[in-house]
Amino acid sequence: MAHTRIRKFNTRATYPEQTIDNDLCQAVVARGTMVFLRGQIGQNLDTSESVCIGDVRGQTEQAMQNIDMLLKEAGSKLEHICKVTIYISDPRFREDVYQVVGKWLKGVFPVSTGIVVTAFARPEYLVEVDATAVIPD
């Protein structure tokens, strides 16, 4: 792996009461060119159309598809993600959202922060995923 992942863990052990299976770590040491992505939502990047209205899993899938596409366009890829921040509008969405993100980032072990917010830019948005990656030297 191009980056050093410090203190890897899986959320199954950290949150045994929840059905979340995310590979995370406490710190990432990376060298290379940084890629900062705008927070991604349930929106088609080509049409700006909101998708999966009322479906937090579907919006998270779209956000992760957007992240995958943008990283590829920037010359990076999902495995080079170092940090994700996940914003949800309802704490009850946590398991659904983290299950989807965990599927996309299986084996990556990024640093992750989760935040519950009161609102997003549009009322139909339920989740936003922000990612920072590195293009290795």
Side-chain angles (χ1 to χ4, degrees):
M1 186 154 292
H3 316 299
T4 303
R5 312 286 175 155
I6 299 170
R7 294 186 182 240
K8 294 179 183 178
F9 68 97
N10 185 285
T11 53
R12 286 185 312 251
T14 308
Y15 304 101
E17 74 282 3
Q18 299 176 10
T19 57
I20 301 174
D21 180 17
N22 290 36
D23 291 332
L24 301 174
C25 71
Q26 296 294 335
V28 176
V29 179
R31 295 181 56 91
T33 302
M34 296 184 73
V35 180
F36 299 94
L37 298 184
R38 180 177 185 212
Q40 296 300 306
I41 51 171
Q43 184 179 57
N44 181 304
L45 288 179
D46 294 323
T47 66
S48 298
E49 173 190 3
S50 293
V51 300
C52 302
I53 295 173
D55 175 8
V56 73
R57 288 184 75 89
Q59 288 187 17
T60 307
E61 282 286 347
Q62 182 66 53
M64 293 307 297
Q65 287 174 13
N66 293 350
I67 288 169
D68 184 42
M69 180 172 51
L70 290 167
L71 287 176
K72 287 175 180 170
E73 290 177 12
S76 189
K77 47 185 138 176
L78 292 173
E79 69 190 57
H80 296 305
I81 289 178
C82 298
K83 169 85 168 138
V84 292
T85 304
I86 300 170
Y87 304 87
I88 55 177
S89 59
D90 187 322
R92 293 171 290 190
F93 295 156
R94 187 173 190 275
E95 284 187 68
D96 286 335
V97 168
Y98 278 70
Q99 287 169 357
V100 172
V101 172
K103 176 187 73 166
W104 280 84
L105 299 181
K106 193 70 178 162
V108 175
F109 296 94
V111 173
S112 176
T113 299
I115 302 169
V116 178
V117 299
T118 56
F120 291 105
R122 290 191 173 153
E124 67 265 26
Y125 300 158
L126 304 174
V127 60
E128 184 168 333
V129 183
D130 183 16
T132 303
V134 171
I135 303 168
D137 290 335

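Counting from 1, the numbers follow the sequence of the chain as shown.
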### Message
A quick test of your reading: do over 12 heavy atoms of other residues, nucleotides or ligands sit less than 6.0 Å from NZ of Lys103?
### Response
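Counting neighbours around NZ of Lys103, more than 12 heavy atoms of other residues, nucleotides or ligands fall under 6.0 Å, so yes.
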### Message
Are more than 12 heavy atoms, taken from residues, nucleotides or ligands other than Tyr15, located less than 6.0 Å from that residue's OH atom?
### Response
no
#### Entry: Evaluation steps, side chain to side chain contact (heavy atoms under 4.5 Å, CB included), between Glu128 and Ile41
CA-CA 5 Å; Glu128 184 168 333; Ile41 51 171; 3.8 Å; yes
Closest heavy-atom pair and its distance - [X], [Y]:
X: Ser48; Y: Arg122; value: O-NH1, 4.3 Å
X: Leu105; Y: Pro110; value: CD1-CG, 4.1 Å
X: Val134; Y: Ser76; value: O-OG, 3.3 Å
X: Gln18; Y: Ile20; value: OE1-CD1, 3.0 Å
X: Cys25; Y: Lys8; value: CB-CA, 3.9 Å
X: Asp90; Y: Arg92; value: OD2-NH2, 2.5 Å

### Query
In chain order, what residues pass the side chain to side chain contact (heavy atoms under 4.5 Å, CB included) check against Asp21, with sequence neighbours excluded?
Asn10, Arg12, Lys106
### Task
Could you pull out all residues at least two apart from Thr85 that satisfy side chain to side chain contact (heavy atoms under 4.5 Å, CB included)?
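Testing Thr85 for side chain to side chain contact (heavy atoms under 4.5 Å, CB included), a comparison that skips the adjacent residues, returns Lys83, Tyr87, Thr113, Ile115, Asp130.
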### Query
Hey, mind stepping through Gln59 and Val97 against side chain to side chain contact (heavy atoms under 4.5 Å, CB included) and telling me if it holds?
CA-CA 9 Å; Gln59 288 187 17; Val97 168; over 6 Å; no
### Message
Just by distance, no angles: are the side chains of Trp104 and Glu61 close enough, under 3.5 Å, to form a donor-acceptor pair?
### Response
yes
### Query
Would Thr19 and Gln99 count as having a side-chain donor-acceptor pair, cut-off 3.5 Å?
yes
### Query
Do Phe93 and Met64 share a hydrophobic cluster, counting only Ile, Leu, Val, Met, Phe, Trp and Tyr and linking them when any side-chain heavy atoms are less than 4.5 Å apart?
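Yes; tracing contacts between hydrophobic side chains, which count when under 4.5 Å, links both residues.
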### Task
Sorted by first residue and then second, give each side chain to side chain donor-acceptor pair (under 3.5 Å) pair with at least one member in residues 24-40; sequence neighbours left out.
Gln40-Asn66
